[in-house]
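FYI, the numbering just counts along the sequence from 1. Values below: all heavy atoms of this structure, side chains included; hydrogens, waters and symmetry mates excluded. In this text the structure is predicted, and so the values were computed from the model without any measurement.
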Amino acid sequence: MSTPAPSPLAIVDVAPGRAPARQGEILTEAALAFVAELHRRFTPRRDELLARRDARRAEIARTSTLDFLPETAHIRADDSWRVAPAPAPLDDRRVEITGPTDRKMTINALNSGAKVWLADFEDASAPTWQNVIDGQVNLIDAYERRIDFTDPSSGKSYALKPAEELATVVVRPRGWHLDERHLQLDGTPVPGALVDFGLYFFHNAQRLLDLGKGPYFYLPKTESHLEARLWNEIFVFAQDYVGIAQGTIRATVLIETITAAYEMEEILYGLRDHASGLNAGRWDYLFSIVKNFRDGGEKFVLPDRNAVTMTAPFMRAYTELLVRTCHKRGAHAIGGMAAFIPNRRDPEANEKALAKVRADKDREAGDGFDGSWVAHPDLVPVARACFDAVLGDKPHQKDRLREDVSVTAADLIAIDSLDARPTYQGLVDAVRVGTRYIEAWLRGLGAVAIFGLMEDAATAEISRSQIWQWVDAGVVFENGEKATADLVRKIADEELAAIRADLGDAAFTAGAWQQAHDLLLKVSLDTDYAAFLTLPAYELLD
């Protein structure tokens with residue numbers, strides 16, 4: 001008997017009449033066949049690697065330590081290998097802007113003057129089905145130069161600048177842990193990472209080559225070199241599938257988990273024909289430290305998130321090791337986010353904040369980074385000036401090998417080297433920011449301006465993680481109050497009441513405030529620490 005044809009992907013849980021208007025342009029038969037093949041070939045290995053994460057986390061709980069891997073010492077010791085040379089559109093990355101792929105942001109980011117736009121399907125985008133499909137549509141429309149936008153509230157119109165002035169797009173798909181419930185094969189959801197990567201690559205790989213660029217990606221939430229190796233296998237298969245040259249795809253890996261910080265060289269090695277760099281994150285990195293060392297006792301208790309700057313000794317060890325690793329292997333080292341949102345109504349506060357941004361970017365450029373992130377177009381010239389002062393006409397500073405840097409395994413987890421403690425106001429701020437962000441996320445907004453900063457899902461993760469950690473550790477704040485579940489509930493209830501009073505009953509009810517409040521308390525206070533806030537949150541997302 002002949003083998004039956006593989007089952008096609010099913011589009012599920014999309015209410016009649018609620019499908020995105022141009023869904024058919026993205027979910028073509030050929031594109032779905034490609035995504036289905038990715039799912040069949042690579043999801044089983046994804047599942048094994050997710051299980052491996054759990055096993056490694058259990059080992060960290062037992063030992064409260066991490067070390068460089070002995071089984072890959074030969075890769076670190078071999079000085080001969082390098083990643084592939086950067087393609088021309090990714091050679092100068094001195095300023096990168098990040099943001100979701102909605103229509104207005106697509107135009108503004110491409111027009112911003114940044115060298116790169118991180119087009120984000122991950123932390124800056126709530127994965128509603130509308131957002132998933134519309135983001136793909138907007139990128140195609142931008143490449144075809146048929147995109148424009150008129151703001152319905154202001155009447156202001158937006159259109160693309162000439163092609164030579166536009167940023168190079170680097171797409172960030174969702175992390176390995178997230179599934180896309182709207183696309184299933186035989187009842188099994190396809191990983192969101194394969195949906196985002198697969199649809200974008202299938203529709204745009206050749207289109208981008210015709211434009212003189214290529215399919216470039218940021219890889220988030222990576223926890224080991226084995227996960228990077230899986231991406232490399234996907235890239236090899238995908239390039240053969242559509243008939244483009246091996247090495248066309250380029251990927252930058254976010255080193256935003258503590259375990260990945262111990263495997264930077266191995267991650268670059270696993271992707272070496274497709275690697276273009278590593279990025280130093282902040283909030284997700286701190287979230288990962290709490291998640292992995294939550295059983296480690298007082299020495300791993302983090303202070304308020306804003307007290308943990310990139311100058312903290314353990315953060316500086318991580319960033320300097322990243323620059324040394326990248327330049328040793330010929331890769332770009334990309335710095336962290338400037339999340340400040342300029343406030344034209346308060347010039348004095350604005351200038352103070354800009355001074356902090358300049359100091360941060362000056363430090364990164366001085367340390368050898370080849371570029372850095374900003375969240376707002378007004379910060380592009382600020383960051384560019386800092387890197388221009390160091391780079392001049394050079395596209396990068398990979399020639400700065402930073403051989404003066406020597407980082408031990410213990411340096412990366414020396415959390416107690418930071419002279420700061422959790423504060424009561426820090427707890428209040430974590431509740432306030434976490435509640436506001438989760439509420440916006442549940443309404444489909446992944447990048448949100450909150451108290452002068454552009455926040456994304458990593459914000460909610462560090463907020464709820466710090467609440468969990470402080471309650472678990474029984475932290476006593478400077479005012480004498482102890483972090484308890486009851487105290488957190490009291491603060492959260494007071495915050496919810498204040499929001500209702502500020503908005504009014506009608507606007508409050510129209511939002512998702514009660515859901516956000518309840519979810520924040522659940523993931524902050526449950527005995528079993530949820531691996532990712534976005535997993536239970538996704539169940540509530542329309």
Side-chain angles (χ1 to χ4, degrees), residues 92-99 108-109 112-118 124 167 279-286 302-320 322-323 333-392 396-397 400 417-421 423 425-426 428-430 432-433 436-437 447-456 458-459 462-463:
D92 188 334
R93 304 177 62 172
R94 67 188 69 200
V95 186
E96 304 190 355
I97 190 168
T98 74
N108 282 346
S112 66
K115 293 291 186 179
V116 165
W117 170 36
L118 188 161
N279 168 271
R282 183 180 172 193
W283 297 143
D284 265 317
Y285 191 75
L286 297 177
L302 289 170
D304 302 0
R305 71 164 189 166
N306 290 331
V308 189
T309 68
M310 289 306 223
T311 60
F314 69 97
M315 296 297 281
R316 190 144 182 79
Y318 146 64
T319 57
E320 293 208 309
L322 187 145
V323 173
I334 308 299
M337 168 75 84
F340 170 63
I341 304 298
N343 182 354
R344 298 181 180 92
R345 294 188 299 274
D346 190 343
E348 184 177 350
N350 204 54
E351 186 47 47
K352 287 181 180 178
L354 286 175
K356 291 182 179 179
V357 172
R358 290 189 196 98
D360 189 48
K361 300 310 168 191
D362 282 341
R363 174 191 54 78
E364 288 180 331
D367 282 349
F369 280 95
D370 304 295
S372 189
W373 285 8
V374 300
H376 192 280
D378 286 359
L379 296 183
V380 170
V382 177
R384 185 173 59 225
C386 298
F387 278 88
D388 285 350
V390 172
L391 294 177
H396 51 71
Q397 49 183 334
R400 286 195 62 195
S417 65
L418 182 61
D419 186 21
R421 291 282 301 159
T423 69
Q425 188 58 49
V428 172
D429 290 345
R432 296 182 73 198
V433 172
R436 282 164 169 77
Y437 181 81
V448 190
I450 302 175
F451 305 138
L453 295 177
M454 186 62 76
E455 310 281 15
D456 67 13
T459 295
I462 189 61
S463 294

request  = Quick one: pull up CE in Met454 and CD1 in Ile341 and give me the separation to the nearest 0.5 Å.
outcome  = 3.5 Å
request  = Verify the neighbour count for atom CG of Asn306: are there more than 12 heavy atoms of other residues, nucleotides or ligands below 6.0 Å?
outcome  = yes
message = Atom CD of residue position Glu348 - does it have more than 12 heavy atoms of other residues, nucleotides or ligands inside 6.0 Å?
response = no
key: Side-chain heavy atoms of Leu322 within contact of Asn279, under 4.5 Å   = no
Asp304 and Asp429, any side-chain heavy atoms less than 4.5 Å apart = no
query = What is the minimum heavy-atom distance between Leu418 and Ala312, and which atoms define it?
reply = CD1-CB, 3.8 Å
Side chain to side chain, Arg93 and Asp370, heavy atoms closer than 4.5 Å = no
Which atom of Ser112 lies closest to which atom of Ile97, heavy atoms considered = OG-CG2, 3.7 Å
Interatomic spacing from CG in Asn108 to CH2 in Trp117 - rounded to 0.5 Å = 10.0 Å
inquiry  = I'd like to check Met315 versus Thr319 (side-chain heavy atoms, cut-off strictly below 4.5 Å). Are they in contact?
reply    = no
request  = Measure across Met337 and Lys361 and return the closest heavy-atom pair with its distance rounded to 0.1 Å.
outcome  = C-NZ, 3.9 Å
Identified side chain to side chain contact (heavy atoms under 4.5 Å, CB included) partner of Phe340 from the options Val374, Val357, Asp360 = Val357
key: Straight-line distance of Asp92 CG to Phe387 CZ, nearest 0.5 Å   = 10.5 Å
query = Which pair of heavy atoms, one from Tyr437 and one from Ile450, lies closest together, and at what distance?
reply = N-CD1, 3.7 Å
Student check: side-chain heavy atoms of Gln397 and Leu391 closer than 4.5 Å = yes
ask   = Would you call Arg282 and Met310 a side-chain contact if the rule is heavy atoms closer than 4.5 Å?
value = yes
message = Testing the basics here: between Cys386 and Ala365, what is the closest heavy-atom pair and its distance to 0.1 Å?
response = O-CB, 3.9 Å
message = Quick check against the 3.5 Å criterion: does Arg400 have a side-chain atom that pairs as donor or acceptor with the backbone of Gly366?
response = yes
ask   = Would you say the side-chain atoms of Ser372 pair up with the backbone N or O of Val95, donor to acceptor, closer than 3.5 Å?
value = no
ask   = Which pair of heavy atoms, one from Ser417 and one from Pro313, lies closest together, and at what distance?
value = OG-CB, 3.4 Å
request  = May I ask you to decide whether Arg94 forms a salt bridge with Glu364, counting only side-chain N to carboxylate O separations under 4.0 Å?
outcome  = no
ask   = In Å, rounded to the nearest 0.5 Å, how long is the span from OG1 of Thr423 to CZ of Arg421?
value = 10.5 Å
